[in-house]
Structure formats: C-alpha cells, structure tokens
Amino acid sequence: MKVIILAGGVGTRLWPLSRESYPKQFLYMNSHSLFQKTWLRSLKFSNPEDIYVVTGENYRFIVENQIEELGYNIPEEHVLKETVGKNTLPAILWGVKTICAESGDSDILVFPSDHILDDGAVDVINSAVPLSKENIVVFGINPSEANTGYGYIKPGKELSPGYLVDEFKEKPDLPLAKKYVEDGYLWNSGIFLFSSEVFLKETGKYQPELYEAFSNGDPDYNSLKSVSIDYGLLEFSERVAVMPLDVLWSDLGSFRSIYNIKEHDKNGNCGPADFIESKRNFVHAKDKKVALIGVDNLAVIDSGDALLVCNLDNSESVKDLVKMYLDRD
Ligand code: GDD
Ligand code: MG
C-alpha cells in the first residue's frame, strides 16, 4: 500500500522544546526522531518509493537529511512541500491526489509523525484493509483519562473486523471528554486507512470547495481553507469505521502526555531535579541544577533560552501561549 506521512505540524504545545523552525517530530529522542521512527514504521507497509511526506517547505531539508541518515532516499517529487500549513485535510488530500495521479486508485495509510507506537500495531493495521474498501478506517485507543487534546470515537454496529462509527467528536471540552470516557468512547490515534475512492468521495461531499481546489493539479496552497481531517471530514462522514488498537501508543503532543509515558519516582516526579515535598512533577533541563520544593503537578521545561513553568493540567494551553507570541510578532 501507499503511505502518506504528515510532518508539517509545528508542535506548539511542546514550546519551548518544539519550535516553528524545528518542530517536535524532528527532535532526536534517544537514537531517532519521531519522524524517523515513522519512516521506519512505514517501511513495514510499503517500499520506500511508495512513501509520500507532506511537510512545510522550510522542513524539506530536515526531512531529506533524516531519511538519508537512515540509509534511504526519497524521490524529490514525493516530498510535498506546503508554502503554508493548512492543517491535515488539505495535506492528506494533496498526498492522495498525487498518489492517484501517479498510480491510479490505491490503498492509502496515513501516519502522523508525532507518535510512539508499538510494533503490534502492524498486524492490526493490516487486518483492517478489507474494512478500508468501504470506509475511512480510524484506529481507536482505550482512553486512560479525559484528555481534551484528542478525537473521541463511539463504536457502533459491529462489522467483522471492527465497528462502524456512530459518532466522532474532535477535541471535546473537559465535561464532555469525561462523559465520553465513562460511556466507552475510544481515542482517535490519528492513523487513517482508506481506499483513495472512498476518501475522495467523502471529501468531495463534505468539503466541496477544498476538493474543487485540487481538481486541476496542485492548488495555490495559500488560498486553501485550513481544516483538519477530524473537524472537516470525520465528524460528518457516515462512512467511518474503527478498529480498536490495543497497543502502546502515545501522541507525545503535550507535556502531560510525555509525563504519562515516562518513568516516575515513588512520588510521581520525573526528570533531572531534586524534589522535596513535591509530587507528580515533570522536569526537563540540561546543564542546569534544578530543585523543586513544596510544589505539585508542574511541568518545568528549560530549553536554554526559554523557561516554561506550567501546571500539567494546563498542558493544552501552551498552544495559546505560542499563539500569543506569534500574534505579537
Ligand atoms: N503536512 C502537514 N501540514 N502536516 C500537519 C499539519 C499541516 O498543516 N498540521 C499538522 N500536521 C501533522 C502533525 O505534524 C502531526 O504529525 C499530524 O499531522 C497530526 O496533527 P496534530 O496537529 O498533531 O493533531 P492533534 O494531535 O492536535 O490531533 C490529531 O491527532 C490526535 C492523536 O494524536 C487528531 O487526529 C485527533 O483526533 C487525534 O486524537
Ligand atoms: Mg498530535
């Protein structure tokens, strides 16, 4: 199958570690960046020449270098370079149109590049191929908390395999997220599998202007509507199916989600710091002595030139801070 890797996000909720000039998917974590891990994962479904990367034009060299570092090459025309980010639906649509122009109708797997995902996902994704002939398939994670940063999926009629989706709700507010967790909804993992025909049909139906903009070759990206696949398509479409994905997954989108997968000491603290009478704190710092006394539930993030102190419960609001900085410039 063909794979589209989405690698154009700015990762604002991880400021000051993730910057517009070098977003989180390209930051090295241990030996590889999340983008490189995604490339290696994609090879389990595809040949290198069947992988397409959609990213900002400023990131093209990072993309090419990080792929080369792994010993692979990507044809230049398979790196789709956006002049401006318009969120995930235009990015996916561009990838799908490019694939169809080169190879005709195809089975397509879309990977975000900001996740960690256990290898057990490979079999689950492969087993969903029959389901993707008629539906856009999303992969549902068992929620561990009422997190407002995710899409929520209500499984409906059982298919074999998987379920039809009764309701898809992107980023609900906290009371609604709590209710969804109680009611057995799943989190959207951000991985999508579909046949190009189904995806194009549904996009044409629910986002006709966007669809039209791609009808005569590559569009003027600046003039496109900015919309995510979640808000723009999955909340509307009646042809969405879900496969439960019961493997280790984390989107590492916020300091809260990074904290959740890190090892903690007996008081729930993690990071290079001394902690006295403090619980459930997350510290990131290099070459600096850090001490926390009598505080709970904080993210303390030092990037050298910037320092963020934030309640872990407010991790989602880091994006508002970045927006404020960008608006000020
Ligand atoms: N090319 C391109 N252009 N890629 C983009 C753009 C863009 O304008 N915007 C975001 N991306 C990439 C990001 O780099 C990331 O790899 C992926 O698309 C998803 O975008 P996010 O911005 O990280 O989305 P999210 O985390 O808020 O929400 C999505 O993922 C959640 C799971 O992690 C949604 O699909 C949620 O429903 C889902 O729960
Ligand atoms: Mg994300």
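We're numbering straight along the sequence, starting at 1. When a ligand or atom number is given, it counts from 1 through the structure's own listing order.
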- Counting heavy atoms only, which part of Arg13 comes closer than 4.0 Å to ligand 1: side chain, backbone, both or neither? side chain

- Asp230 and ligand 1 - part of the residue with a heavy-atom distance under 4.0 Å: side chain

- Query: Does atom 23 (O) of ligand 1 have any protein heavy atom closer than 4.0 Å?
  - Reply: yes

- Message: Which of the protein's N, O or S atoms come within less than 2.8 Å of the Mg ion (ligand 2), not counting waters?
- Response: Asp114 OD2

- Query: Among all protein non-hydrogen atoms, which one is nearest to atom 39 (O) of ligand 1, and what is the separation to 0.1 Å?
  - Reply: Asn188 O, 2.6 Å

- Looking at atom 25 (P) of ligand 1, what's its closest protein heavy atom, distance included? Lys171 NZ, 3.6 Å

- Note on the structure: Closest to atom 30 (O) of ligand 1 among protein heavy atoms sits Gly190 CA, 4.3 Å

- Item | Residue, atom name and distance, where the atom is the protein heavy atom closest to atom 20 (O) of ligand 1 | Thr88 CG2, 4.0 Å

- Name the closest protein heavy atom to atom 11 (N) of ligand 1, giving the residue it belongs to and the distance to 0.1 Å. Gly9 N, 3.4 Å

- Item | Residue, atom name and distance, where the atom is the protein heavy atom closest to atom 37 (O) of ligand 1 | Glu170 OE1, 2.6 Å

- Those atoms of ligand 1 less than 4.0 Å from some heavy atom in Gly85: 8 (O)

- Message: Tell me the nearest of Asp114, Ile153, Ile5, Leu34 to atom 21 (P) of ligand 1, using heavy-atom distances.
- Response: Asp114

- Item | Part of Ser228 within contact of ligand 1 (heavy atoms, under 4.0 Å) | neither

- Tell me, which pairs form a salt bridge (Lys or Arg N to Asp or Glu O under 4.0 Å) where one or both residues lie in residues 71-83, sequence neighbours left out? Arg60-Glu76, Glu76-Lys81

- Task: Starting from atom 17 (C) of ligand 1, locate the nearest protein heavy atom and write down its residue, its atom name and how far away it is, to 0.1 Å.
- Result: Pro112 CB, 3.7 Å

